[in-house]
Amino acid sequence: MYLLLRNLKRLALPSSCRFISNYVSRMRHLFDLKENDEACRKALSSGSFLLFHSLSPLMQKTENKYTVPFVTASELYRILRKLGQKEKYLEESVLLGCTDSYLAQFALDLGIMEKAKAESLLQGTFVDLRKAFLLLDGKNAQMLSQAQALLRWHNTHLYCSKTGHPMQKNVSGSRRICSSNGTIYYPQMSPVIITLVSDGTRCLLARQEAFPSGMYSALAGFCDIGETVEQAVHREVAEEVGLEVSSSKYAASQHWPFPNSSLMIASHAMVQPGQIKITLNQFELEDARWFGAEELAEALRRERMPSKKEMGTIPFWIPPPWTIAHQLIKEWTQQKQLC
Ligand SMILES: NC(=O)c1ccc[n+]([C@@H]2O[C@H](COP(=O)([O-])OP(=O)(O)OC[C@H]3O[C@@H](n4cnc5c(N)ncnc54)[C@H](O)[C@@H]3O)[C@@H](O)[C@H]2O)c1
Ligand SMILES: [Mg+2]
């Protein structure tokens, strides 16, 4: 009975697209691809692919613009053959989404193949993701973030942590299954808070030693087990800059692939009145400062990381426009300038 209902549901999907919105029908189509290995295997042969090598995405440069190409299945078959791989290697792919016309989109890592040869066949370069993030716009960056996080999760979950036996991925890559006892594992994300602390007239930005020179961002930190998002905001601000938050308000969220896979939960926070003296936690941060709306408005006007050669020294700058840190800073600055 269950199988009959399942098959009826599957059969109903394409025709039901006439009655429901494109978004809803695409989500139902993707659900089917995640659950049904055969349907997903079929979708591989007509899909398009984002390619990685050892978790670095393929990028192509045309004039001054960097793009992240989607390679068609037929092109990929041709390239795999030239790299000495069988078509079956396509099943190492993970499902990312689908286009408005229901063509499935996947990501595949060519890490076991010769990098220079793959780059030459694909007429592109595999670029470290942190570097790629500074060169791309939001839509591309979000897709790469999802793709790399999913590929990384599969790459680091080859064995069942309970039995030690190998695990197999389902075709879409939405889960892995222990070959010994059938335990199912799903890709995981860590919740991370990011908060823009304000004293009412200025807001606080900080930098870690590992940040690119001159870049400051909002305070961020991993949630501890058992904590609420609000408690994590309170604790992180206290830990990192020695201030006590009096209130916080949710703003937005963003997937972030570093260091593994995080769900960034963003908020605006206020400190207790009069509490503005920063006590830096030097294990975590190199510097933290209060910035005024004018200084931030100027940083927002700069499109990209400033070049050393142009400027002599690197001025203060903030993360790229599509990052959630940038969005928080922009929201805060716009609100201050309206006052
Ligand atoms: N998208 C954005 O706009 C944006 C802006 C700022 C920071 N971030 C990201 O936020 C994340 C967290 O910021 P942070 O580094 O200040 O965090 P943090 O202040 O919690 O400090 C990091 C330390 O926390 C510990 N930790 C606890 N749980 C962890 C887990 N699940 N994974 C890894 N480490 C864990 C480790 O010791 C690590 O060194 C970073 O990955 C950073 O890239 C994103
Ligand atoms: Mg931190």
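For the numbers below, each heavy atom of this structure counts, side chains included, while hydrogens, waters and symmetry mates do not. As the structure lists them, so they are numbered: ligands from 1, and atoms in each ligand from 1.
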Participant: Just which atoms of ligand 1 are under 4.0 Å from any heavy atom in Gln254?
Facilitator: 1 (N)

Participant: Of the backbone and side-chain N, O or S atoms of Glu284, does one lie nearer to the Mg ion (ligand 2) than 2.8 Å?
Facilitator: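 No.
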
Participant: Are Ser262 and Asn260 linked by a side-chain donor-acceptor pair shorter than 3.5 Å?
Facilitator: no

Participant: May I ask you to identify the nearest protein heavy atom to atom 21 (O) of ligand 1, giving residue, atom name and distance to one decimal place in Å?
Facilitator: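 For this ligand atom, the closest protein heavy atom is Glu284 OE1, 3.3 Å.
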
Participant: Using distance alone, with no hydrogens and no angle criterion, decide if His255 and Ser261 have a side-chain donor and acceptor under 3.5 Å apart.
Facilitator: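 Ser261 and His255 do have a side-chain donor-acceptor pair below 3.5 Å.
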
Participant: Should the proximity of Ser190 to ligand 1, defined as any heavy atom under 4.0 Å, be assigned to the side chain, the backbone, both, or neither?
Facilitator: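 Ser190 to ligand 1: side-chain contact only, backbone stays beyond 4.0 Å.
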
Participant: Report yes or no: does His326 have a heavy atom closer than 4.0 Å to ligand 1?
Facilitator: no

Participant: Kindly indicate whether atom 36 (C) of ligand 1 is approached by any protein heavy atom to under 4.0 angstrom.
Facilitator: no

Participant: Between the Mg ion (ligand 2) and Leu219, is there an N, O or S atom separated by less than 2.8 Å?
Facilitator: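 Checking the Mg ion (ligand 2) against Leu219, no N, O or S atom falls under 2.8 Å.
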
Participant: Any idea how Phe49 and Phe106 line up, ring-wise: parallel (<30°), tilted (30 to 60°), or perpendicular (>60°)?
Facilitator: parallel

Participant: Check each heavy atom of Met264 against ligand 1 and say whether those closer than 4.0 Å belong to the side chain, the backbone, both or neither.
Facilitator: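 Within the 4.0 Å criterion, Met264 contacts ligand 1 through side-chain atoms alone.
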
Participant: Return yes or no for this condition: an N or O of Ala325 is under 3.5 Å from an N or O of ligand 1.
Facilitator: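 Right, the criterion is met.
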
Participant: Classify the ring geometry between Tyr216 and Phe291 as parallel (under 30°), tilted (30 to 60°) or perpendicular (over 60°).
Facilitator: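 Judged by the thresholds at 30° and 60°, the geometry between Tyr216 and Phe291 is perpendicular.
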
Participant: Should the ring pair His157 and Trp153 be called parallel, tilted or perpendicular, given that the plane angle runs from 0 to 90° and is split at 30 and 60?
Facilitator: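 The arrangement is parallel - the two ring planes meet at less than 30°.
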
Participant: Establish whether Leu196 and Val245 are linked, either directly or via other cluster members, by ILVMFWY side-chain heavy-atom contacts under 4.5 Å.
Facilitator: no

Participant: For Glu240 and ligand 1, answer yes if some heavy atom of the residue is under 4.0 Å from a ligand atom, otherwise no.
Facilitator: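 Glu240: in contact with ligand 1 (<4.0 Å).
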
Participant: For the Mg ion (ligand 2), find the closest N/O/S atom on Glu240 and give its atom name.
Facilitator: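 It is OE2 of Glu240.
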
Participant: Considering non-hydrogen atoms of the protein only, which is the closest contact for atom 41 (O) of ligand 1, and what is the distance?
Facilitator: Phe258 O, 2.9 Å

Participant: Of the protein's non-hydrogen atoms, which lies at the shortest distance from atom 43 (O) of ligand 1, and what is that distance?
Facilitator: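 Heavy-atom neighbour on the protein nearest atom 43 (O) of ligand 1: Trp256 NE1, 2.8 Å.
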
Participant: Quick one: nearest non-hydrogen protein atom to atom 13 (O) of ligand 1, plus distance?
Facilitator: Ala220 CB, 3.6 Å

Participant: Quick check: does Phe222 get an N/O under 3.5 Å from an N/O on ligand 1?
Facilitator: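 Yes: some nitrogen or oxygen of Phe222 is under 3.5 Å from one in ligand 1.
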
Participant: Report the member of Met189, Gln208, Arg130 with the shortest heavy-atom distance to atom 14 (P) of ligand 1.
Facilitator: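 Residue with the shortest heavy-atom distance to the ligand atom: Gln208.
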
Participant: Protein heavy atom under 4.0 angstrom of atom 7 (C) of ligand 1, is there one?
Facilitator: yes

Participant: May I ask whether Pro319 has any heavy atom positioned less than 4.0 angstrom from an atom of ligand 1?
Facilitator: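 The answer is no: ligand 1 sits nowhere under 4.0 Å from a heavy atom of Pro319.
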
Participant: Does ligand 1 have an atom that lies less than 4.0 angstrom from a heavy atom of Glu236?
Facilitator: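 Glu236: in contact with ligand 1 (<4.0 Å).
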
Participant: Which one holds for Ile194 and ligand 1: side chain close, backbone close, both close, or neither close, with close meaning a heavy atom under 4.0 Å?
Facilitator: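 Near ligand 1, Ile194 shows its side chain, while the N, CA, C and O stay back.
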
Participant: Could you list the atoms of ligand 1 found under 4.0 angstrom from a heavy atom of Ser217?
Facilitator: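 Near Ser217, meaning under 4.0 Å from one of its heavy atoms, ligand 1 has 5 (C), 6 (C).
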
Participant: Among all protein heavy atoms, pick the one closest to atom 11 (C) of ligand 1 and tell me residue, atom and distance.
Facilitator: Val192 CG1, 3.9 Å

Participant: Could you tell me whether Tyr89 and Tyr77 have their ring centroids closer than 6.0 angstrom?
Facilitator: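 For Tyr89 and Tyr77, the ring centres are not under 6.0 Å apart.
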
Participant: Check the side chains of Ser54 and Ser56 for a donor-acceptor pair under 3.5 angstrom, ignoring hydrogens and angles.
Facilitator: no

Participant: In this structure, does ligand 1 have an atom that sits under 4.0 Å from one of the heavy atoms of Pro259?
Facilitator: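 Yes, Pro259 has heavy atoms under 4.0 Å from ligand 1.
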
Participant: Checking the N or O distance criterion of under 3.5 Å, is ligand 1 in contact with Ser262?
Facilitator: no

Participant: Quick check: is Trp256 connected to Val94 through a chain of hydrophobic side chains (ILVMFWY, heavy atoms under 4.5 Å apart)?
Facilitator: yes

Participant: So, Trp332 and Ser198: side-chain donor and acceptor under 3.5 Å apart, yes or no?
Facilitator: yes

Participant: From atom 29 (C) of ligand 1, is the closest protein heavy-atom distance below 4.0 Å?
Facilitator: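 Yes, there is a protein heavy atom closer to it than 4.0 Å.
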
Participant: Closest heavy-atom contact between Ala118 and Leu110?
Facilitator: CB-CD1, 4.4 Å

Participant: Does Arg130 qualify as a cation-pi partner of Phe258, given the criterion of NZ or CZ under 6.0 Å from the six-membered ring centre and within 45 degrees of its axis?
Facilitator: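 Pair Arg130/Phe258 counts as cation-pi.
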
Participant: Are Lys34 and Asp32 within salt-bridge range, i.e. N to O under 4.0 Å?
Facilitator: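 Salt bridge absent between Lys34 and Asp32.
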
Participant: Among Arg78, Arg81, Arg41, find the one that has a salt bridge (Lys or Arg N to Asp or Glu O under 4.0 Å) with Glu87.
Facilitator: Arg81

Participant: Quick one: which ligand 1 atoms are inside 4.0 Å of a heavy atom on Gly221?
Facilitator: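 Result: 17 (O), 18 (P), 19 (O), 20 (O).
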
Participant: Is it possible for you to say whether Leu103 and Leu50 belong to one hydrophobic cluster, with membership spreading through side-chain heavy-atom contacts below 4.5 Å?
Facilitator: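 Not linked; separate clusters.
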
